[in-house]
Structures are given as C-alpha cells and as structure tokens.
Amino acid sequence: MGKNKLKKFKEMEEIDLVLQYPWARLQQEGFPLRGHWHEEFFHNSNPIVLELGCGKGEYTVGLARQYPDRNYIGIDIKGARMWTGACQARDLGLTNVAFLRTDIELLPYFFAPGEVAEIWITFPDPQMKKVRKRLTSTRFMELYRKVTAPDARINLKSDSPFLYTYTREMASLNKFPVLADTADLYASHAGDPILDIRTYYEQQWLDRGLTIKYIAFSLPHNTPLAEPDIEIERDTYRSFSRGQIQCPELCNKPD
C-alpha cells in the first residue's frame, strides 16, 4: 500500500464524520447507531438519504450543501476515495453529512427498518454480465426494503444505456411508481438544482456530446418482485474512471 493511501487512512480515522466498523466487531457488538442515527449522530429528525458507492463523495457533499434540511450518508468500501468527500465536508463544516465505509450488502447491519428515506445510486458499474451484482436489480431492491421507509425514493444517475434500460424495465415490470425518467438529463431538466452537482467523470461524457440518464421511482414494500427477462443491447464504450466534482460553489481546488 502506498504512503499516500496510508496517510489518507490515518486522516480518515481522525475525521468525526467518518465511520469505519470492522466486520468482526460488527458481528460481536452490532452497530450502536443502528436505529439511532437521528438522535445520536445528526441530532435532528430530518430524513436520511444514502449515496451508495459514493466514491469521492461528490453527491453526498453536493446534496448536503443544497439541502441542509436532510441528512446525507455516503457509503463505499474504498476508503482512499471517500477521503476526498470526507475532507471537503469537514472543511466546509457540514453537520448533515456522514461517510460510512462498508459493503452495500451490509446495509441492514447499519440501519434499522424504515430509517432511510431516500437512496442515490450514482454512476455504478452496470454489471452487464451479473444481474445479482447490479445495484438496481431486484436482489438489491429487496435489500433496500430492509432499511427504507415504505415508498422511499430510489434515484439512479448513469452514463450507461444498458443499466438505464434495465432499470426502466425492472421498475415497469414491478409496477414501481416512476417519479422521473429521462435519457438526457441535461436537455430535459434545465434549471433543476441537481444539475449543479456534476462530477469530472460526468463532465467528460458531456464534453463528448454524450448523454446522462436519470430515473427515480418509489419502492413499495409489500409486493413480490420479478426480474425482467429481456435482451438489452450492451454498452459499446469503455467507462472513464470517476473523478472530482466540478461545482464552483463546492470546491475550487484540484484533488
């Protein structure tokens, strides 16, 4: 492991808004904030919103800046990437932000039923060959049901035509109420404050004339789920790696 990563890990341990709980300890003791995030961490009753696979935390920090009446938690297993957002949130003095280093599949260990009001999934790996690893698959919808309030809002923002098409089909088949749906976010949602949050990764696609897809839907709790059985054309491009947020109000210095 490089010295830079070791330095970041050490600094992460000293940032109060970063939570890292080893699996062995989690099994032995459980997670003390489970069911108590509002009163013991955020000290308010505002809705809790998760960003899954948050990477450098662009959306966690950006959304927290835009919506101070909501609490945001960025979740990722990659601590060295999460360090960027954690440092930004700390330096900005944000009190409605946390970062949790863990696997997404362990969400029920960290959140009680109904504790989460909304989920953001931003530019995940489309997992074109492995449905069970797809973050918008019915397997993950069942997982999200364990921690979300009934009819919680699920947001997907993606550059992948494959994942966007799959998610639309999955939502349609299971009769999820669709709240927003566009194959070209920046053409159809002019003036929406969510467009103020833009990653370097995202900007590269826009600069090449490509489009960003967005779909949001409500997740009911008491209906059986079915996987769509359809053929979807696979993406033909190679994704860029994720980069730093490009939003002057949030950060003016390079990573």
Side-chain angles (χ1 to χ4, degrees), residues 45-54 57-75 96 104 107 111 113-127 131 134-199 202 205-206 210-228 230 232 247:
S45 59
N46 295 336
I48 291 174
V49 181
L50 308 183
E51 184 195 359
L52 304 182
C54 70
E58 295 99 329
Y59 274 82
T60 301
V61 175
L63 289 168
R65 285 288 304 276
Q66 286 188 358
Y67 304 103
D69 59 345
R70 299 172 79 81
N71 302 313
Y72 292 89
I73 304 174
I75 298 175
N96 62 329
I104 292 170
L107 287 181
F111 301 95
E115 198 165 21
V116 175
E118 184 176 357
I119 290 175
W120 275 89
I121 306 167
T122 52
F123 300 97
D125 186 329
Q127 296 289 350
V131 177
R134 218 169 282 161
L135 292 185
T136 57
S137 68
T138 55
R139 172 175 175 255
F140 276 94
M141 292 301 130
E142 291 284 16
L143 178 70
Y144 305 153
R145 281 174 162 181
K146 294 179 180 179
V147 302
T148 55
D151 299 313
R153 183 182 179 111
I154 310 296
N155 304 275
L156 170 71
K157 194 174 183 187
S158 177
D159 59 89
S160 167
F162 176 92
L163 184 60
Y164 169 66
T165 301
Y166 164 81
T167 304
R168 292 184 78 214
E169 294 293 332
M170 186 278 301
S172 175
L173 177 63
N174 291 287
K175 297 181 170 57
F176 293 167
V178 174
L179 307 174
D181 182 8
T182 176
D184 189 349
L185 178 62
Y186 290 89
S188 61
H189 284 58
D192 191 323
I194 197 64
L195 303 186
D196 292 338
I197 306 171
R198 190 179 300 184
T199 66
E202 188 174 352
W205 287 115
L206 294 170
L210 301 174
T211 61
I212 303 300
K213 297 88 174 64
Y214 172 63
I215 183 169
F217 52 84
S218 296
L219 179 61
H221 275 207
N222 298 317
T223 57
L225 300 181
E227 271 293 326
I230 58 170
I232 303 175
C247 179

Would you say the side-chain atoms of [X] pair up with the backbone N or O of [Y], donor to acceptor, closer than 3.5 Å?
| X | Y | value |
| --- | --- | --- |
| His221 | Thr148 | yes |
| Asp151 | Ser218 | no |
| Glu227 | Thr138 | yes |
| Tyr164 | Ser158 | no |

How far apart are the closest heavy atoms of Ser137 and Tyr166, and which atoms are they?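 Closest approach of Ser137 to Tyr166: CA-OH, 3.0 Å.
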
Side chains of Arg168 and Thr136: do they bring a donor and an acceptor to under 3.5 Å?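 Looking only at side-chain atoms, Thr136 and Arg168 do not form any donor-acceptor pair under 3.5 Å.
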
Considering the options Glu202, Lys157, Glu51, which one meets the side-chain hydrogen bond (donor to acceptor under 3.5 Å, both in side chains) requirement together with Thr122?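 When Glu202, Lys157, Glu51 are each tested with Thr122, the side-chain hydrogen bond (donor to acceptor under 3.5 Å, both in side chains) holds only for Glu51.
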
Supply the atom-to-atom distance Tyr67 OH to Glu118 CD, rounded to the nearest 0.5 angstrom.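 Taking OH in Tyr67 and CD in Glu118, the distance rounds to 9.0 Å.
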
Distance in Å, Ile73 CD1 paired with Ile119 CD1, rounded so as to fall on 0.5 Å steps: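 The CD1 atom of Ile119 is 11.0 Å from CD1 of Ile73, to the nearest 0.5 Å.
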
Step by step, would you call Tyr72 with Asn46 a side-chain hydrogen bond (donor to acceptor under 3.5 Å, both in side chains)? CA-CA 10 Å; Tyr72 292 89; Asn46 295 336; over 6 Å; no

Ile121: which of Asn155, Ile104, Ile154 passes side-chain contact (heavy atoms from CB on, under 4.5 Å):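 Result: among Asn155, Ile104, Ile154, Ile154 is the only option passing the side-chain contact (heavy atoms from CB on, under 4.5 Å) with Ile121.
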
Do [X] and [Y] come within less than 4.5 Å of each other through their side chains, counting heavy atoms only?
| X | Y | answer |
| --- | --- | --- |
| Thr223 | Asn174 | no |
| Arg70 | Asn96 | no |
| Pro161 | Lys213 | yes |
| Leu50 | Phe111 | yes |
| Phe217 | Asp181 | no |

